[in-house]
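Written below as structure tokens is the structure these notes are about.
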Number of protein chains: 2
Amino acid sequence: METNAAIDAFAALAQGTRMEVFRRLVRAGPEGLPAGGVARALEIPANTMSTHLAILERAGLVTSRREGRLVYYAAAFDRVRALIGFLLEDCCAGNPEVCGGVAEIARQAACCSAKPSS
Amino acid sequence: METNAAIDAFAALAQGTRMEVFRRLVRAGPEGLPAGGVARALEIPANTMSTHLAILERAGLVTSRREGRLVYYAAAFDRVRALIGFLLEDCCAGNPEVCGGVAEIARQAACCSAKPSS
DNA sequence: TCAATAATTCCAGTATCGTGGAAATATGGA
DNA sequence: TCCATATTTCCACGATACTGGAATTATTGA
């Protein structure tokens, strides 16, 4: 992942409303949620929500697809993985000894426990 | 890691100069670098650098210690790990299937290859 | 104590961001 | 075609961020 892409992603997540939106989209899974639904859930005007969603999308953290009158936004999980990879490599480069715990964190996360060490 | 702490960390990294500073500190290792050295290396005025370093420190991403006339800043590797953990848990929560690759990323990273699966 | 060096704080100018009202642009149904 | 609904775009206001000059605060050595 390129540095500028990572910076854009960090900037997108460095804002309370967008962080909350992103968390909801993550929890909604690959099918995502319609823009209006998120706006109503967070009690935020539709245009403001549209702006935030556009920022998340420009940062690559979410994708959108139109379904009839609704526009569904969904978390781009691969981009989150890429972002974690960026942090990992940035963290580990030249400092092997200080990053030992990350693989364990990943393995302990509920989602990854299904993947044994091989 | 609390959400607000993560937001502060993202905001701190969502800025070109600070990202570059942080990378240099990461590469410098636990002993860190003096503020002036980083400022000179990046050709940035000392006061501006001081502001950026303070933001990184408030975000918990770096620590500082005075050594004589110099103030050394060092990357807070445990906080980076916590940040990755935040992303992991936020990403994985409710979506086990989409996070499978993270443990592998961590394991493949040069720094973590020393740690076999146990 | 005084001078030199390192770093921070104070302050102001400019730029960018977050917000939401109003208008414009899809889309589907009658 | 016309209307209702969903979303986006346009625009402007206030708040916050980035930057660096000047002054201030440590710290060391003479």
Side-chain angles (χ1 to χ4, degrees), chain A residues 3-25 28 31-76, chain B residues 3-25 28 31-76:
Chain A
T3 300
N4 282 340
I7 287 179
D8 287 347
F10 287 141
L13 291 176
Q15 207 278 336
T17 302
R18 285 196 299 268
M19 170 68 82
E20 178 62 24
V21 168
F22 182 70
R23 280 154 86 101
R24 285 183 184 246
L25 293 181
E31 61 280 5
L33 295 170
V38 182
R40 246 171 283 119
L42 271 58
E43 301 185 83
I44 284 175
N47 59 349
T48 302
M49 180 56 64
S50 188
T51 300
H52 284 309
L53 287 168
I55 290 170
L56 284 168
E57 186 170 30
R58 271 200 300 274
L61 289 169
V62 308
T63 59
S64 66
R65 70 179 193 283
R66 180 174 280 274
E67 236 167 74
R69 249 183 297 210
L70 306 180
V71 176
Y72 281 79
Y73 284 85
Chain B
T3 301
N4 282 339
I7 288 180
D8 288 346
F10 288 141
L13 291 177
Q15 207 279 336
T17 302
R18 286 195 298 268
M19 171 68 82
E20 180 60 25
V21 168
F22 182 69
R23 281 153 86 100
R24 286 182 184 247
L25 293 181
E31 61 282 6
L33 294 170
V38 183
R40 244 170 285 119
L42 270 59
E43 298 185 83
I44 284 176
N47 58 349
T48 302
M49 180 55 65
S50 189
T51 300
H52 284 311
L53 287 168
I55 289 170
L56 285 168
E57 186 168 32
R58 270 199 302 275
L61 289 168
V62 308
T63 59
S64 67
R65 71 178 194 284
R66 180 175 280 274
E67 236 168 73
R69 250 183 295 214
L70 306 179
V71 176
Y72 281 79
Y73 285 84

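Close to dT19(D), at under 4.0 Å from its OP1 or OP2, lies a side-chain N or O of His52(B).
Within the structure, side chain to side chain donor-acceptor pair (under 3.5 Å) pairs that include any residue of residues 31-49 of chain B do not occur (at least two apart or interchain). Sorted by first and then second residue, the side chain to side chain donor-acceptor pair (under 3.5 Å) pairs involving residues 7-21 of chain B (not counting sequence neighbours) are Arg18(B)-His52(B), Glu20(B)-Arg24(B).
The CG atom of Leu70(A) sits 11.0 Å away from the CG atom of Leu33(A) when rounded to the nearest 0.5 Å. Distance CD1/Ile44(A) to CE/Met49(A): 4.0 Å, rounded to 0.5 Å. For the atom pair CE of Met19(B) and CD1 of Ile7(A), the computed distance is 4.5 Å after rounding to the nearest 0.5 Å.
Evaluation of the side-chain contact (heavy atoms from CB on, under 4.5 Å) rule for Arg58(B) yields Ala54(B), Ile55(B) as partners, not counting sequence neighbours. Evaluation of the side-chain contact (heavy atoms from CB on, under 4.5 Å) rule for Ala6(B) yields Met1(B), Phe10(B), Leu83(B), Phe86(B) as partners, not counting sequence neighbours. Taking Phe22(A) as the reference, nothing meets the ring pair (Phe, Tyr, Trp, His ring centres under 6.0 Å) condition, with sequence neighbours excluded. Taking the side-chain hydrogen bond (donor to acceptor under 3.5 Å, both in side chains) definition, one finds that Thr63(A) meets it with nothing, sequence neighbours left out. Partners of Arg65(B) under the salt bridge (charged side-chain N to carboxylate O under 4.0 Å, His left out) rule, at least two apart in sequence or in another chain, are Glu67(B).
Residues from residues 12-23 of chain A placing a heavy atom under 4.0 Å of any atom in DNA chain D do not occur.
Per the geometry, CG belonging to Leu42(B) stands 12 Å off P belonging to dG20(D), to the nearest Å.
Taking 4.0 Å as the cutoff to heavy atoms of chain A, we find the contact window on DNA chain C bounded by dG18(C) to dG28(C).
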Heavy-atom contacts, protein to nucleotides 2-14 of chain D, under 4.0 Å, summarised as B (base), S (sugar-phosphate only) or - (none) per nt, yield --BBSSBB-----
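Closest-nucleotide positions on DNA chain C for Ile44(A) and Gly68(A) were compared, and the one nearer the 5' end corresponds to Ile44(A).
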